[in-house]
Amino acid sequence: MNSTSTPSSPGSPNRTNSAIGSTTDTTTGTTTVITNIGSLVTNDPSLGDGSPLGLIQDAAVVIEGDRVVWTGEASKAPTTDNRVDAGGRAVLPGFVDSHSHLVFAGDRTQEFNARMSGRGYTAGGIRTTVAATRAATDAELEANLTRYLREALHQGTTTFETKSGYGLTVEDEARALRIAAAHTDEVTYLGAHIVSPDYADDPAAYVALVTGEMLDACAPYARWVDVFCEKGAFDGDQARAILTAGKTKGLRPRVHANQLSYGPGVRLAVELDAASADHCTHLTDADVDALANSDTVATLLPGAEFSTRAQWPDARRLLDAGVTVALSTDCNPGSSFTSSVPFCVALAVRDMGMTPDEAVWSATAGGARALRRTDVGRLTPGAYADLTLLDAPSHVHLAYRPGVPLVSGVWRRGVRII
């Protein structure tokens, strides 16, 4: 017999999951149907309307344990143990935020205020955060991390990647990754964020540290290796050496590429089969062609352009060329201090030439592609039961009603968290 449940928090957990500050139920065998869904985004084009979003109207999703086991029209849903009525609202996969910098301390309000007031500001940028992060305790760094994870969760993010990069010593980079690894599997070693202030006069020695002792200490906690390939950070040869060293330790590459200027970052990412080239603001035709003929995802980060008044990435150009595009927050204290994927969706639609459908796909399935994941970013049998319920009849409202807190429910691994 089905029992009807209202949207409420789950009961006693079987396992605490500190990654999201809540609980994960590992019970198997109990099934729940979320039904009366007005519009369901599955990201499976074989379903529903046949679009990339695989939209199904008057839909239902069946969950067993932490997985989706059935998706389709509500009238055809199988019998389950429990029932949740979505009330005609829209459901989509939980957002996959594939680029963030959340292990940090300190504040850069003055820098932002100066930038937005039209004044020059040279008070240290990333180095300011490095100093504050080094001075912080492990407990302070972890408290800061979990604060922003809760923020993101309340805005529908159920999978996230985060990086080191604000320690720039062997000890501080390793502890940042250790703290991050307690909260997500998608951890990125970014010792090559900038050249450490300690090595300002000897960048080659810092590259040797990043590819040697620091890498040895950090690799056990990370899945990915990243580098800021940009003028003023690391050039193409240095970036290649750093990424190649990471690969020898089993870390997969991703690249901060072509954010501030034209450069070798995108083509290096493609050359090394990086999962993603992130930012992609300044692109030549050769860069676009390289991405289009590769498995490397172009991850666009509109929060950075919003917060720095920089040139917007041309998403339309990339999509029309056949490039796979992801959207992410780039949440960090200096250039994109937002944890809101819905905000980034609205920016991408308003200022980057994306349609609402394309932006939502890029923030879910696109993010999963950028992490080379097939178990998130979609709502089809076998995927994790990570769902976002909107207080709206359609996913289009994410761009249509910017700034409005539309997320009214979040399931992660089959458990109602919000």
Side-chain angles (χ1 to χ4, degrees), residues 1-15 17 20 22-96 153 156 158-159 357 360-361 364-365 368 373-397 406-418:
M1 178 181 294
N2 290 356
S3 60
T4 301
S5 63
T6 57
S8 59
S9 299
S12 300
N14 287 334
R15 179 170 63 87
N17 185 343
I20 56 173
S22 190
T23 60
T24 295
D25 188 349
T26 56
T27 301
T28 58
T30 300
T31 56
T32 298
V33 63
I34 304 172
T35 190
N36 194 19
I37 298 169
S39 177
L40 174 67
V41 174
T42 68
N43 286 334
D44 183 345
S46 72
L47 298 175
D49 65 354
S51 71
L53 291 186
L55 284 172
I56 305 175
Q57 305 300 323
D58 301 319
V61 176
V62 176
I63 299 168
E64 181 175 356
D66 61 1
R67 301 279 176 163
V68 173
V69 295
W70 186 91
T71 300
E73 296 175 12
S75 63
K76 300 177 181 178
T79 299
T80 58
D81 300 303
N82 303 297
R83 182 178 183 272
V84 175
D85 190 333
R89 290 173 286 179
V91 170
L92 60 154
F95 297 119
V96 180
L153 182 68
T158 53
T159 301
D357 284 11
V360 166
W361 189 95
T364 52
R373 297 278 295 270
T374 60
D375 55 354
V376 296
R378 61 187 179 92
L379 292 176
T380 54
Y384 278 117
D386 295 350
L387 303 88
T388 295
L389 175 69
L390 301 182
D391 190 13
S394 166
H395 64 280
V396 177
H397 281 236
L406 293 178
V407 175
S408 59
V410 178
W411 283 257
R412 188 177 188 278
R413 302 297 194 263
V415 175
R416 181 75 184 258
I417 305 296
I418 305 301

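Throughout, residue positions are numbered sequentially from 1 according to the sequence presented.
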### Query
Okay, side chain of Arg416, backbone of Ile418: is any donor-acceptor separation there less than 3.5 Å?
yes
### Query
Do the side chain of Thr31 and the main chain of Glu64 share a donor and acceptor less than 3.5 angstrom apart?
no
Smallest separation among heavy atoms of [X] and [Y], with atom names:
| X | Y | value |
| --- | --- | --- |
| Trp70 | Pro78 | CD2-CD, 3.6 Å |
| Val33 | Ala60 | CG2-CB, 3.9 Å |
| Ser39 | Leu55 | OG-CD2, 3.7 Å |
| Leu389 | Ala86 | CD1-CB, 4.1 Å |
| Gly156 | Val410 | CA-CG2, 4.0 Å |

Nearest-0.5 Å distance, [atom1] of residue [X] to [atom2] of residue [Y]:
| X | Y | atom1 | atom2 | value |
| --- | --- | --- | --- | --- |
| Leu153 | Thr158 | CG | OG1 | 8.0 Å |
| Asp357 | Leu53 | CG | CG | 4.5 Å |
| Arg83 | Ile34 | CZ | CD1 | 11.5 Å |

Test side-chain contact (heavy atoms from CB on, under 4.5 Å) applied to [X] - qualifying residues, sequence neighbours left out:
| X | answer |
| --- | --- |
| Thr380 | Thr42, Asp44, Leu47, Arg378 |
| Val376 | Val96, Thr159, Ala368, Arg373, Tyr384, Asp386, Arg413 |
| Val68 | Val61, Thr71, Leu379, Ala385 |
| Asp391 | Arg89, Ser408 |

So, do [X] and [Y] sit near enough that their side-chain heavy atoms are less than 4.5 Å apart?
| X | Y | result |
| --- | --- | --- |
| Val407 | Leu390 | yes |
| Trp411 | Val84 | yes |
| Thr80 | Thr32 | no |

Partners passing side chain to side chain donor-acceptor pair (under 3.5 Å) against [X] (at least two apart in sequence or in another chain):
| X | answer |
| --- | --- |
| Ser394 | none |
| Asp58 | none |
| Ser51 | Asp49 |
| Thr364 | Asn43 |

